[in-house]
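Letters A, B, ... mirror the listed sequences (proteins, then strands); counts begin at 1.
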Protein chains: 2
Amino acid sequence: MATVRISAAAAPSSFSTLFTHEKAGMSNVDKEKIKRIVYEMSKDSAHFKEQERRDQRVTEHINACRERHQRIGADELKSHEQRADRLLVELDGHRNLERTWACVDMDAFFAACEALEDPSLRGDVVFAVGGTSMISTASYAARRYGVRSAMPGFIAQRLCREAGVSLRFVPVDFPKYLKFAELARTAFRLFDPHFIAASCDEAFLDLTDYCAHHAISGAEAATRLRHQVLEATRGLTCSVGIASSRMLAKIASDVNKPNGQYVVPAEREAIVSFIGPMPLRKIPGIGRVTERVLREVLGAETCAELLAKRAALCALFTARVAREHLSALLGIGGEGPPPLQREGEPSQKGVSQERTFEPTGAPL
Amino acid sequence: MATVRISAAAAPSSFSTLFTHEKAGMSNVDKEKIKRIVYEMSKDSAHFKEQERRDQRVTEHINACRERHQRIGADELKSHEQRADRLLVELDGHRNLERTWACVDMDAFFAACEALEDPSLRGDVVFAVGGTSMISTASYAARRYGVRSAMPGFIAQRLCREAGVSLRFVPVDFPKYLKFAELARTAFRLFDPHFIAASCDEAFLDLTDYCAHHAISGAEAATRLRHQVLEATRGLTCSVGIASSRMLAKIASDVNKPNGQYVVPAEREAIVSFIGPMPLRKIPGIGRVTERVLREVLGAETCAELLAKRAALCALFTARVAREHLSALLGIGGEGPPPLQREGEPSQKGVSQERTFEPTGAPL
DNA sequence: GGCCATAGG
DNA sequence: TACTCCTATGGCC
DNA sequence: CGGCAGACC
DNA sequence: TACTGGTCTGCCG
Ligand SMILES: Nc1ncnc2c1ncn2[C@H]1C[C@H](O)[C@@H](COP(=O)(O)OP(=O)(O)OP(=O)(O)O)O1
Ligand SMILES: Nc1ncnc2c1ncn2[C@H]1C[C@H](O)[C@@H](COP(=O)(O)OP(=O)(O)OP(=O)(O)O)O1
Ligand SMILES: [Mg+2]
Ligand SMILES: [Mg+2]
Ligand SMILES: [Mg+2]
Ligand SMILES: [Mg+2]
């Protein structure tokens, strides 16, 4: 038997690299099982060692923050809290609920494109786009087993095998996805000719004028938008979030994924109760490192919890960072038009081409 | 069932890219079966298309040669034959049988190194060094199923699976092989301190002085050499060819591979009868393209057959090429010392670093 | 201005 | 057997 | 001299 | 799913 047994020993509960954070289509998965398998297959690799090294640096940073946190006196904290509250009041006071933003995000984009061109991938086929080294995305059928973007394919394969199903791989084909992205954009243009393309499968549309002109709600516009995308692409579904800011719309677009929509009413109360229970990781810009820092320094997991720690937040982080986080906690970010780009200015700021090569030698 | 069936249809008999030419350890393999499987797994790939394109260019060259061949008159041919015969007489006359050369070549080198360090690879384990993309070399156990250097690993895997065995992969580890190469060289130095390192697993030793000094035959020296290599490396076997030229020694080193030796006596008759039946491909410098050209233009498969076509050989090829081939057919090449390198001249002439990237677009 | 970490698709 | 590649931002020295 | 094909490990 | 990477040589324009 060549198969390696996955031990029953639990993975250390601390790793933030084990592909277990929330993601569309992954609510019903057995997270402990996935964590265990991923850990077992990763723990001896050079890649894992490198991750640990980086995590260690973050841990040091966290410890430094904790110490500073300890040493803050009650008076100092009080003054930070007042500063935070003044800032919150100011931000809240300038809240702009006038615009109706949509965030459109295609569902399992690369995978859906492939399925559209290959009937054998239709239905509930468990497949991933990529290879055994790396996966770009996975069908929703595959996500049930924990398969997801940026996961090594051979681990994904094992996750499926342990569940008794086999994972099919489809190689990536960028030009194909760009064609479909172009089709989807023809639909976007019907609603907002100035839409902001955030990535090849994602865009922000300002639906204010469209809704006013057609005298319809954001929800109705979202439904029409999804319909038009389906038509224009001849079969691709997307999910749409509607809110008064691009930040909220983005979070909302994930709520009823796939092939769904969610509206955050343009009212202060609704916004606050929408954002409050959100895990901090849902906030765009808060990734796996910042999430750890906020949890391990301040004990905050959700937006509401971080809001309660606003004094320490202001004390420990730079003004710029604190302000950005506080804005997000109020559901504010990206209400106005995006910064205009000057005439003739190229929209892209850089190009790069990189390739991973084998390790070069001992790192010292 | 996800397994793809290999069709029973035969591969076109003409492809020279299907890993079926003679190689140590591969005499008992079912060549037709291998050819069929390799062909079935390759024929739809971009790589195969590219090979076909290149083969097509060679075909054109062959056709051009054939035409020229046709148009050579009897008189002209006669004169070429005389020229060839004069050259052969001259080459034969200057034949140098004075030196005793050895070619030492490690057996399944990378694989043997790995097996030495990992007991689970000892014995008759079917394994390859490399990955599913590309194999560097294979254990002799794996060669029984057609697995060999430069074969894509996933095809090798299939070859083994069809035979009901599973192929194990071991990643390459150059530093490891260089260490063992150094150990082997300590043994080489005992026999010829000026040995020529032809590659990391292969060297030419001038045993003339060693044999004279110890009053032993080349065969006996070869046996001692193999023993010393085994000792110095603590377990690696090699094969040795002994002859009056490096070219013959190299061919001879392959005759009783693995863990064997072969002596070509330093006598004109013995040399001629050794080289005569050799497939042309065995001659160093005659690769898959030249082999095809010689077969398809002149109908020559072996050295003796090409010698019979010496007139056409001289007519169709440049003087330099004809001379080189005629030398080889007489078993001549590399009798004298290698060209001296000047003081302080670096032995290596270049360094390079390359990486294969994905296809860039339509080639026109 | 270059380097590194972080983030997201 | 195998842990991507592209674009962007901000902090730091 | 640069580009390309062939060869070998 | 997947077809290498390093070194050298000779020919051709
Ligand atoms: N880490 C990554 N590496 C390479 N490509 C990626 C990565 N993440 C995403 N992609 C590609 C493949 C995705 O189909 C496409 C869009 O990303 P994204 O919208 O996040 O997921 P998705 O569209 O596949 O699923 P969904 O949006 O339904 O959750 O970008
Ligand atoms: N095409 C190749 N690509 C990469 N590495 C190779 C290739 N061919 C050979 N090698 C490496 C692996 C081999 O172990 C080593 C020596 O080559 P070689 O002597 O031809 O075969 P070998 O030593 O593996 O078996 P043999 O017993 O036939 O000599 O060089
Ligand atoms: Mg998407
Ligand atoms: Mg997206
Ligand atoms: Mg060898
Ligand atoms: Mg060799």
I'd like a list of close polar pairs between nucleotides 6-9 of chain C and the protein, N/O only, cut-off under 3.5 Å.
unit_1: C/dA7; atom_1: OP1; unit_2: A/G287; atom_2: N; d: 2.8
unit_1: C/dA7; atom_1: OP1; unit_2: A/T290; atom_2: N; d: 3.0
unit_1: C/dA7; atom_1: OP1; unit_2: A/T290; atom_2: OG1; d: 2.6
unit_1: C/dA7; atom_1: OP2; unit_2: A/R288; atom_2: N; d: 3.3
unit_1: C/dA7; atom_1: OP2; unit_2: A/V289; atom_2: N; d: 3.0
unit_1: C/dG8; atom_1: OP1; unit_2: A/G285; atom_2: N; d: 2.9
unit_1: C/dG9; atom_1: OP1; unit_2: A/K250; atom_2: NZ; d: 2.7
unit_1: C/dG9; atom_1: O3'; unit_2: A/S199; atom_2: OG; d: 3.0
unit_1: C/dG9; atom_1: O3'; unit_2: A/D201; atom_2: OD1; d: 3.0

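- Comparing the P positions of E/dC8 and F/dC3 gives an interatomic distance of 24 Å, to the nearest angstrom.
- Looking only at atom types and distance, the side chain of A/S239 has no donor-acceptor partner in the side chain of A/D254 under 3.5 Å away.
- Atom CD of A/E324 has 12 or fewer neighbouring heavy atoms from other residues, nucleotides or ligands inside a 6.0 Å radius.
- Rounded to whole angstrom, the span from the CD1 atom of B/I155 across to the P atom of F/dT4 amounts to 11 Å.
- At the heavy-atom level, B/Q157 lies under 4.0 Å from base atoms of the strands shown.
- Taking atom CD of residue B/Q348 and atom P of nucleotide F/dT7, one finds them 5 Å apart after rounding to whole Å.
- Distances shown here put every side-chain N or O of B/S149 at or beyond 4.0 Å from the OP1 or OP2 atom of E/dC9.
- A salt bridge is absent between A/K179 and A/E182; no separation between the charged side-chain nitrogens and carboxylate oxygens falls under 4.0 Å.
- The separation of F/dG5 from D/dT4, taken at their P atoms, amounts to 16 Å, rounded to a whole angstrom.
- In the model, B/T290 has no side-chain atom that pairs as donor or acceptor with a side-chain atom of B/R281 under 3.5 Å.
- In this structure, B/R168 atom CZ and D/dT1 atom P are separated by 8 Å, rounded to whole Å.
- Taking only distance into account, the side chain of B/S42 meets the base of F/dC3 through a donor-acceptor pair shorter than 3.5 Å.
- Using a 4.0 Å heavy-atom distance criterion, A/V172 is classed as making no nucleic acid contact.
- For B/F154 and D/dA2, the CZ to C1' distance is 15 Å, given to the nearest whole Å.
- Residue B/T137 forms a side chain to side chain contact (heavy atoms under 4.5 Å, CB included) with just one option from B/R143, B/E114, B/M151, and that option is B/R143.
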Strictly under 3.5 Å: I want the nitrogen or oxygen pairs between protein and nucleotides 11-13 of chain F, one per line.
none

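- Distances shorter than 4.0 Å separate none of the side-chain N or O atoms of A/T132 from OP1 or OP2 on F/dT1.
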- Query: Is there a side chain to side chain contact (heavy atoms under 4.5 Å, CB included) between B/I37 and B/I34 once you walk through the steps?
  - Reply: CA-CA 5 Å; B/I37 293 176; B/I34 290 168; 6.0 Å; no
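- When the P atom is used for both F/dT1 and D/dC6, the distance is 23 Å, rounded to whole Å.
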Next on the checklist: As a quick check of understanding, evaluate side-chain hydrogen bond (donor to acceptor under 3.5 Å, both in side chains) for A/R168 and A/S139, giving each step before the final call.
Outcome noted: CA-CA 10 Å; A/R168 207 174 133 185; A/S139 67; over 6 Å; no
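- Distance, A/F169 CZ to D/dT1 C1': 12 Å, rounded to whole Å.
- When distances run from any side-chain atom of A/E354 to the nucleotides D/dC6, F/dA2, D/dT4, the shortest one goes to D/dC6.
- In this model, the phosphate group of D/dC3 is not approached by any side-chain N or O of A/K49 to a distance below 4.0 Å at OP1 or OP2.
- Judged by atom type and distance alone, A/T356 does not reach the base of D/dT4 through any side-chain donor-acceptor pair under 3.5 Å.
- The CD-C1' distance, from B/E40 to F/dC3, rounds to 17 Å in whole Å.
- Qualifying ring pair (Phe, Tyr, Trp, His ring centres under 6.0 Å) partners for A/Y177, counting only residues two or more places apart in sequence or in other chains: A/F110.
- Between B/S16 and B/E291 the shortest side-chain heavy-atom distance does not fall below 4.5 Å.
- For B/R355, the side-chain atoms get nearest to F/dG6 when compared with the rest of F/dG6, D/dT9, D/dA2.
- Protein atom CZ of A/R158 is 16 Å distant from nucleotide atom C1' of D/dC3, rounded to whole Å.
- Side-chain contact between A/K282 and A/E22 is present, with at least one heavy-atom pair separated by less than 4.5 Å.
- A/S253 and A/K250 make their closest contact through OG-O, 2.7 Å (heavy atoms, listed as atom of the first residue, atom of the second, distance).
- At the phosphate of F/dG6, OP1 or OP2 sits under 4.0 Å from a side-chain N or O atom of B/Q353.
- Rounded to whole Å, the distance from CG on B/D44 to P on F/dC3 is 14 Å.
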